[in-house]
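Inspection log for the structure reproduced underneath, given as structure tokens.
Reminder, nothing fancy here: chain letters follow the sequence lines and each chain counts from 1.
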Protein chains: 2
Amino acid sequence: MTKPVPADVVSRLKSVLGEGGWSQDPERLAPKLVEWRGRWKGETPLLVIPRTTAEVAAVVGICAADEVAITPQGGNTGLVAGQIPQGEILLSTEKLRAVRDVDALDDVMVLEAGVTLFEAHQQAAAVGRRFTVGVASEGSCTVGGLISTNAGGTAVLRYGMMREQVLGIEAVLPNGEIWNGLKRLRKDNTGYDLKQLLIGAEGTLGIVTAAALKLHAPLASRAVAIVGLASPADAIQLLARAKDETGGAVEAFELMGRLGFALTVRNVPGLRDPLPTEHAWYVLIEIASGEPGAAEAALERLLAGALESGLIADAAVAQTQTQMKAFWHIREGHSAGQKPEGAVWKHDVSVPVSKIPDFIDQADAAIEKTFPGTRIVAFGHVGDGNVHYDVLKPQGGDDDAHDAAREAGARIVHDIAAGFHGSISAEHGLGAMKSAEALAYKDPVEVAALRAIRAALDPQRIMNPRVLF
Amino acid sequence: MTKPVPADVVSRLKSVLGEGGWSQDPERLAPKLVEWRGRWKGETPLLVIPRTTAEVAAVVGICAADEVAITPQGGNTGLVAGQIPQGEILLSTEKLRAVRDVDALDDVMVLEAGVTLFEAHQQAAAVGRRFTVGVASEGSCTVGGLISTNAGGTAVLRYGMMREQVLGIEAVLPNGEIWNGLKRLRKDNTGYDLKQLLIGAEGTLGIVTAAALKLHAPLASRAVAIVGLASPADAIQLLARAKDETGGAVEAFELMGRLGFALTVRNVPGLRDPLPTEHAWYVLIEIASGEPGAAEAALERLLAGALESGLIADAAVAQTQTQMKAFWHIREGHSAGQKPEGAVWKHDVSVPVSKIPDFIDQADAAIEKTFPGTRIVAFGHVGDGNVHYDVLKPQGGDDDAHDAAREAGARIVHDIAAGFHGSISAEHGLGAMKSAEALAYKDPVEVAALRAIRAALDPQRIMNPRVLF
């Protein structure tokens with residue numbers, strides 16, 4: 001728990017923000033003090049709700065003067081307890097909602113931190129463009145949070161993480177100064193790229209108040225298939241062949257094991273298995289091209305060749321938009337599909353793409369040995385090397401007992417990922433949940449450098465102090 | 001000039017590297033002490049040529065212990081005096097030449113810092129892949145230099161700068177410790193992305209010794225045209241239309257003004273104008289697609305529509321590989337084409353893409369007003385907002401007089417770029433040449449942060465001390 005905030009700091013913050021700019025109302029605060037799954041709860045002496053970048057700077061300035069800590073919060077959709085205060089001032093970006101500019105000629109939009117991803121997509125579509133980051137929480141998650149956590153999602157394979165979508169950033173640094181880094185340049189080699197440091201910093205190096213984001217041109221053709229195959233190794237071969245044959249037109253490549261696939265099709269209303277027989281593994285593949293008809297042609301050719309050579313066992317190509325959505329729904333329903341099965345450990349690891357088969361083999365064996373009867377649901381963005389490796393309790397097993405072994409299970413899975421030079425947090429970040437654990441896996445030389453950088457920019461460690469190193 | 005290096009440091013460096021690991025032979029040193037155009041000359045008490053990362057660490061450790069400065073050098077192709085020592089120890093990466101791995105399944109290759117870009121392209125091609133960074137100096141420039149300067153080039157529009165091609169870095173930090181950041185992950189959200197800080201740091205935060213680089217799938221079809229049109233504004237409209245219609249398949253989009261085009265066609269042997277009449281402006285456009293035939297179809301459709309609507313005046317599509325190369329040769333010959341014209345000021349600016357026409361208008365007017373009779377050759381990667389804005393001396397004018405006014409001219413051009421929130425160094429970096437000037441254009445809040453970061457990682461400022469802030 002962070003040290004108590006002096007009463008005069010609270011009153012100075014109230015006075016600089018004025019009515020509507022702060023709250024201590026428990027009902028107003030409640031939804032911001034609990035993580036959305038209910039796994040973490042927090043507290044704060046004061047919620048501040050600045051309306052402008054200048055107000056954010058005023059808040060940080062007052063806090064910096066008295067060494068008072070701040071936890072920034074966007075849409076409160078994080079999964080690793082990075083946004084829940086434990087006694088710090090809670091700064092919400094919810095009123096930083098301006099759309100400052102959307103420009104289809106420059107392929108850029110400038111949005112304030114509190115704009116939701118859903119609105120970002122709408123703004124892009126309004127000028128005939130796309131914003132390519134897509135995550136399930138798009139109705140709530142915000143530009144500031146997406147940047148501060150370097151969000152991933154389903155389109156990383158082709159377009160990269162949030163990091164690659166940011167042209168410029170405006171932020172309030174830990175000393176309360178406003179950094180105007182809202183450039184719209186595709187090229188600018190004039191010193192260290194400071195924005196890269198703030199992206200993924202989980203609010204520890206400053207508060208992002210606005211960003212200039214890249215827009216992309218729409219694509220004329222799009223085709224989706226669900227493929228049945230024998231193993232993750234075959235899936236990786238299919239991915240390589242798909243990239244090779246389509247020249248990078250693979251928009252998504254998602255692996256699903258039989259158990260997760262079957263649970264989803266069974267437990268999520270309205271879904272059905274598009275293939276007539278069962279398969280050990282499945283891939284959802286989406287191809288998209290700027291040329292009309294090219295995606296369909298490329299997918300047909302790829303699947304025909306893979307069937308003929310025995311690399312895949314069967315495939316169903318979506319014939320309509322509705323079918324396309326239904327196929328995606330099977331992949332996206334993987335969390336909902338597991339829910340009726342009770343307690344589950346979730347892991348968000350990444351390894352080099354070619355190591356996915358070995359990772360799954362080794363993790364399966366180790367988990368079965370230590371926790372016999374548990375059931376593995378492995379799925380995810382394997383085109384990026386990212387596996388959501390979920391471990392369900394044994395059939396009919398006890399929820400609490402499974403929950404109690406969560407950390408021991410995580411250590412096994414994370415050790416194996418680390419053995420392949422992988423990551424224990426591919427896209428979710430570290431937050432307060434995984435920061436201590438990450439120290440066991442990071443190069444100490446790197447950790448020392450990261451700590452030196454943080455101390456240089458935030459010597460009092462007032463920005464999200466319980467997060468990262 | 002940096003303070004003299006103590007004799008015992010020189011002898012300790014010699015002894016740790018052994019024979020072949022250092023040189024003081026003036027003939028051996030000479031080519032490394034002069035910038036390739038002869039514009040800057042330097043000196044050093046000792047050239048060190050480490051063969052391994054461990055030897056680099058030993059060198060930096062010895063220098064750090066005695067506060068001795070180091071200038072790292074790759075292929076010595078830099079344009080801004082970032083690689084020429086002025087009394088520092090000169091560290092060449094020329095013996096760090098190992099190809100540690102090339103993996104087409106993971107789409108990654110791990111190369112040591114001294115590997116040339118030419119060899120990087122060959123290694124990628126040997127496994128049926130492409131490495132997408134392309135610059136004119138590929139025979140000499142090296143992986144370490146490309147990373148340390150965040151190189152740009154002709155394929156940035158589609159694939160991004162060098163920054164976006166790096167998955168992992170191994171480097172020796174200013175304290176002499178080896179950071180093993182050679183990950184091959186597409187996703188890893190576990191703290192600040194330290195490699196992003198080293199990319200483009202021009203050797204001031206450590207010495208890159210190896211890197212894991214992204215490979216891309218080859219493309220099945222490719223089409224190139226040279227287009228004649230009336231103005232940069234029309235070119236920007238054509239670019240927007242091309243991006244729109246091809247869904248991001250525009251591989252290159254290069255603008256050329258009449259003067260530069262005419263000088264190149266006239267002065268470079270073997271070139272000829274592919275269009276029957278003269279035009280005020282030209283665009284070289286290249287479309288590439290993963291689908292066979294799609295690039296040709298998309299380019300034909302784009303040009304037919306643009307001709308019909310009057311957006312462009314004429315176009316020639318390359319019918320053979322030879323013609324494709326000849327078209328590119330006109331663009332690439334722009335430096336050679338100017339040479340017979342005598343003294344020239346070169347500028348490497350960027351502005352938001354939509355501001356290119358205004359930038360060129362204002363810069364032309366201001367330069368003509370202050371330096372009447374000078375001749376503008378404007379060309380470059382306008383798809384990235386990057387203009388190489390060259391100013392030739394007046395016809396028959398004096399070379400020395402023109403050279404003497406170089407800084408005054410740069411200030412005019414850079415002020416106008418800055419007025420559009422542009423950059424004074426889009427892709428060449430700052431080096432010792434532009435670092436002081438850049439201070440006039442950078443946000444002081446940002447400069448303070450960059451200085452704090454540098455001081456945190458290199459408190460003695462021993463790494464390339466005359467470069468950056």
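- In this structure, the separation between CG on B:L239 and CG on A:L105 is 8.5 Å, given to the nearest 0.5 Å.
- For chain A, the nearby part of B:L185 is the side chain; its heavy atoms alone come within less than 4.5 Å.
- Heavy-atom distances place both the backbone and the side chain of B:Y192 under 4.5 Å from chain A.
- When the shell of 6.0 Å around CD of A:E300 is examined, it contains 12 or fewer heavy atoms from other residues, nucleotides or ligands.
- Counting only residues at least two apart or on different chains, the side-chain hydrogen bond (donor to acceptor under 3.5 Å, both in side chains) pairs with a member in residues 289-298 of chain A are A:E291-B:R301.
- Using a 4.5 Å cut-off between heavy atoms, B:K195 does not touch chain A at all.
- At a 4.5 Å heavy-atom cutoff, B:A249 makes no contact with chain A through either its backbone or its side chain.
- Neither the backbone nor the side chain of B:A220 comes within contact range of chain A; no heavy atom of the residue lies under 4.5 Å from a heavy atom of that chain.
- Neither the backbone nor the side chain of A:A438 has a heavy atom closer than 4.5 Å to any heavy atom of chain B.
- Although no hydrogens or angles enter the test, the distance criterion places no donor-acceptor pair under 3.5 Å between the side chain of B:N180 and the main chain of A:D443.
- Here A:R163 is the residue among A:R130, A:R163, A:K355 with the most heavy-atom pairs under 4.5 Å with chain B.
- By the 4.5 Å heavy-atom criterion applied to side chains, A:L173 and B:V445 are counted as neighbours.
- Most heavy-atom pairs under 4.5 Å with chain A, from the set B:H381, B:R454, B:H428: that is B:R454.
- Atom CG in B:L182 sits 9.5 Å away from atom NE2 in A:H421 (nearest 0.5 Å).
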Checklist line | Intermediate values then yes/no, side chain to side chain contact (heavy atoms under 4.5 Å, CB included), B:L194 and A:L450 | finding: CA-CA 7 Å; B:L194 186 58; A:L450 301 184; 4.1 Å; yes
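- Counting heavy-atom pairs closer than 4.5 Å to chain B, the top-ranked of the candidates A:L205, A:T204, A:D103 is A:L205.
- Under a 3.5 Å cut-off, the side chain of B:D106 and the backbone N or O of A:V353 do form a donor-acceptor pair.
- Looking at B:D348, neither its backbone nor its side chain comes within 4.5 Å of chain A, counting heavy atoms on both sides.
- The candidate with the highest count of non-hydrogen atom pairs below 4.5 Å against chain A, out of B:K183, B:E446, B:K434, B:E202, is B:E446.
- Using a 4.5 Å cut-off between heavy atoms, A:N175 makes no contact with chain B at all.
- Among B:K187, B:R184, B:R186, the one residue that satisfies the salt bridge (charged side-chain N to carboxylate O under 4.0 Å, His left out) test with A:D384 is B:K187.
- Ranked by heavy-atom pairs shorter than 4.5 Å toward chain A, the options B:S425, B:S350, B:A217 are led by B:S425.
- In terms of heavy-atom pairs under 4.5 Å with chain B, the best-connected choice from A:A449, A:A455, A:A240 is A:A449.
- B:D244 meets the side chain to side chain donor-acceptor pair (under 3.5 Å) test with A:R129; sequence neighbours excluded.
- With hydrogens and angles disregarded, no donor-acceptor distance shorter than 3.5 Å links the side chain of A:K243 to the backbone of B:P218.
- Only the side chain of A:L468 comes within contact range of chain B, with heavy atoms under 4.5 Å apart.
- Interface residue A:I236: backbone and side-chain heavy atoms are both found under 4.5 Å from chain B.
- Between the side chain of B:D193 and the backbone N or O of A:Q196 there is no donor-acceptor pair closer than 3.5 Å.
- If you tally non-hydrogen atom pairs under 4.5 Å between each of A:V447, A:V80, A:D107, A:L157 and chain B, the highest count goes to A:D107.
- Both the backbone and the side chain of A:T190 come within less than 4.5 Å of a heavy atom of chain B.
- Looking at B:K442, the atoms closer than 4.5 Å to chain A (heavy atoms on both sides) all sit in the side chain, from C-beta outward.
- Contact count against chain B (heavy-atom pairs under 4.5 Å) is highest for A:A426 among A:P444, A:P352, A:G290, A:A426.
- Across B:A452 and A:A456, no two heavy atoms sit closer than the pair O-CB, 3.5 Å.
- Contacts of A:T149 with chain B are made by backbone atoms alone, with heavy-atom separations under 4.5 Å and no side-chain atom involved.
- When all heavy atoms of A:G247 and B:L219 are compared, the pair lying nearest together is O-CD2, 3.0 Å.
- Contact detail for B:E427 and A:N189: the closest heavy-atom pair is O-ND2, 3.2 Å.
- Residue B:H216: no heavy atom, backbone or side chain, is found under 4.5 Å from chain A.
- For B:P292, the part lying under 4.5 angstrom from a heavy atom of chain A is the side chain only.
- Contact of B:T246 with chain A is made through the backbone alone, with heavy-atom distances under 4.5 Å.
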